[in-house]
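Every number for a ligand or one of its atoms is a count from 1 in the order of the listing.
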Amino acid sequence: MNAPATSSLTTRKRDIRGELGLRPIINVSGTMTALGASIMVPEAVEAMAAIGPEFVEIDDLQRAASGVIARLTGAEAGFVTASCASGIAVSVAGSMTRDSLRAIEQLPDTTGLRDEVLLQVGHMVSYGAPVEQSIRLCGGRVVPVGTVSSAYGYQLDEAITERTASALYVVSHHTVQYGMISLEEFSQICHARQVPVIVDAASEYDLKGFLARGADVVLYSGHKFLGGPTTGIVAGSKDLVRAAYLQNRGIGRGMKVGKESVAGVIAALVAWEKRDHEGIREREKAALRLWQDTLAPLPGIAATIVPDPTDNPLDRLQVDVLPESGFTASGLAAALAAGDPPVIVRDHETQRGHFFLDPCNLHPGEADIVAGRLLATIKASNTARFREADRGNMREKLLRWPD
Ligand SMILES: *Cc1c(COP(=O)(O)O)cnc(C)c1O
């Protein structure tokens, strides 16, 4: 007999991954799109199931979202879109069209519109796709400011023209972490010239700080730390948020978000307000200490707890892999990913001889399994097979899908 679909217990017990032929991976890599982002909180799952069979008036549902987003961020208004990347595209589009419905239908043709968008070179990151593509998607022209290692206020100021629509500021561990213009200075310079500032804060826990420091619009992912469904949250001044929302009648249509996702992320935001943040932090720290203690006696492995680079309240374990271990960092990451169960580590810096273990997406009991896999994998050192993983093969691997 079927138990009610709304019970989170039931959801966990059903082996949906097995049914679909998927590997039962353990995610110690962080909130990664390619791994299904985060553990959706039960409140979000329940809200999505509840609204699924109902009809709603979407503008009213988005109005409700606006209220909750405003409460949590301190913004005047907000809405939900498909992803943070979509949020960038529709916010930039809104800065070009403002509330001209005709211009909204005209994009990505920007004839007669302001279309230049300023972006520091050190902020031109990829989160799986290049951030500046979200600008180009709506017809915007990226105007680079500064160099990869430095940017100054005068460079930003002198890049502003009568065609400047907005300026994008990225907050992320991906960006260059030194030599860039601070958000405060960036906003002051832009505002003195009536240029709105859009902040990509996709992975940042701080829901109020960026608007407080001068952003006009700030964007978050609903599916990262918030534990909502795949969504983007747009928050900011009412006129810019409205102009971005109206893009649903234009280029935003291909980024449509359904009722279930809007309801789900509203529930996740409300749950975030009530979450036991301290308790979660303690559990994450316990996992880090367990892994650190597990690795301590092993030759050629050094494990250090490191803070998040952009000051999110989250630490990670940096695992340095030296030759005495019999592994390279990328080789050990690949060996763990090939294990049973597969353990997927945070491996974007393996060229520097280390990877990270991120404790923010663990189910109960998984910290112990990861500790066991670390020990077993390193003891069964298999260097020949896992010497250098995959960077070179990436293209070949991508072009093989769906085989
Ligand atoms: C994850 C991320 C994005 C993309 O967010 P999505 O919601 O997955 O589109 C954009 N910017 C930064 C800095 C990110 O970390």
Side-chain angles (χ1 to χ4, degrees), residues 27 29-40 44 65 69 73 78-93 117 119-138 140 142 166-177 180 183 186 197-207 209-210 213 215 217-236 244 247 251-252 254-258 261-262 264-266 268-269 272 308-314 316 344 346-349 356 358 360-361:
N27 176 13
S29 134
T31 44
M32 298 294 162
T33 288
L35 300 180
S38 59
I39 299 170
M40 218 187 285
I69 293 168
T73 62
F79 70 95
V80 181
T81 181
S83 63
C84 182
S86 331
I88 298 169
V90 294
S91 301
V92 167
V117 181
L119 178 62
Q120 294 179 83
V121 175
H123 285 190
M124 287 190 189
V125 299
S126 169
Y127 38 74
V131 65
E132 24 82 40
Q133 189 172 39
S134 281
I135 299 171
R136 289 186 276 115
L137 197 55
C138 56
V142 180
S166 51
L168 181 65
Y169 193 98
V170 181
V171 183
S172 167
H173 69 91
H174 291 302
T175 67
V176 175
Q177 299 293 317
M180 299 294 114
L183 178 58
F186 193 89
V197 174
I198 298 166
V199 172
D200 170 5
S203 299
E204 303 309 298
Y205 286 47
D206 182 355
L207 291 173
F210 306 108
R213 287 160 60 198
V217 174
V218 63
L219 310 163
Y220 297 94
S221 296
H223 47 276
K224 291 187 177 170
F225 60 95
L226 288 167
T230 297
T231 44
I233 293 167
V234 180
Q247 305 301 321
I251 57 119
M255 308 165 191
K256 182 161 90 174
V257 70
S261 294
V262 182
V265 81
I266 291 174
L269 282 162
W272 177 256
D308 178 76
T310 60
D311 292 335
N312 286 312
L314 168 69
R316 299 187 180 88
I344 316 289
R346 193 174 180 84
D347 66 352
H348 60 286
E349 284 187 15
F356 300 92
D358 184 318
C360 80
N361 277 303

min-distance protein heavy atom vs atom 11 (N) of ligand 1 -> Asp200 OD2, 2.6 Å
Measure the acute angle between the ring planes of His348 and His174, then classify it against the limits of 30° and 60° as parallel, tilted or perpendicular. perpendicular
Can you confirm whether the side chains of Glu132 and Ser134 place a donor and an acceptor under 3.5 Å from each other? no
In ligand 1, the atoms that come under 4.0 Å of a heavy atom of Ser83 are 6 (P), 7 (O), 9 (O)
Tyr169 side chain vs Leu183 backbone, donor-acceptor pair below 3.5 Å:
yes
### Message
Treating Thr73 as the side-chain partner and Leu207 as the backbone partner, does any N or O pair qualify as donor plus acceptor under 3.5 Å?
### Response
no
Ser221 heavy atoms within 4.0 Å reach ligand 1 at atoms 5 (O), 6 (P), 7 (O)
Closest non-hydrogen atoms of Cys84 and Leu219, given as atom of the first, atom of the second and distance, are SG-CB, 3.9 Å
Note to self: Treating Glu204 as the side-chain partner and Ala202 as the backbone partner, does any N or O pair qualify as donor plus acceptor under 3.5 Å?
What the structure shows: no
Check your understanding: Would you say Ser203 contacts ligand 1, with heavy atoms under 4.0 Å as the rule?
Key -> yes
Closest to atom 4 (C) of ligand 1 among protein heavy atoms sits Tyr127 CD1, 3.6 Å
The atoms of ligand 1 lying under 4.0 Å from a heavy atom of Thr33, numbered in the order shown, are 8 (O)
Filtering Met255, Lys224, His223 for the heavy atom nearest atom 15 (O) of ligand 1 leaves Lys224
Note: heavy atom closest to atom 7 (O) of ligand 1, options Ala202, Ala82, Gly87, Cys84, belongs to Cys84
Numbered in order shown, the ligand 1 atoms found under 4.0 Å of a heavy atom of Ala85 are 6 (P), 9 (O)
Can you find a heavy atom in the side chain of Met124 that is under 4.5 Å from one in the side chain of Val170?
no
Would one find an N or O of Ser172, backbone or side chain, under 3.5 Å from an N or O of ligand 1?
no
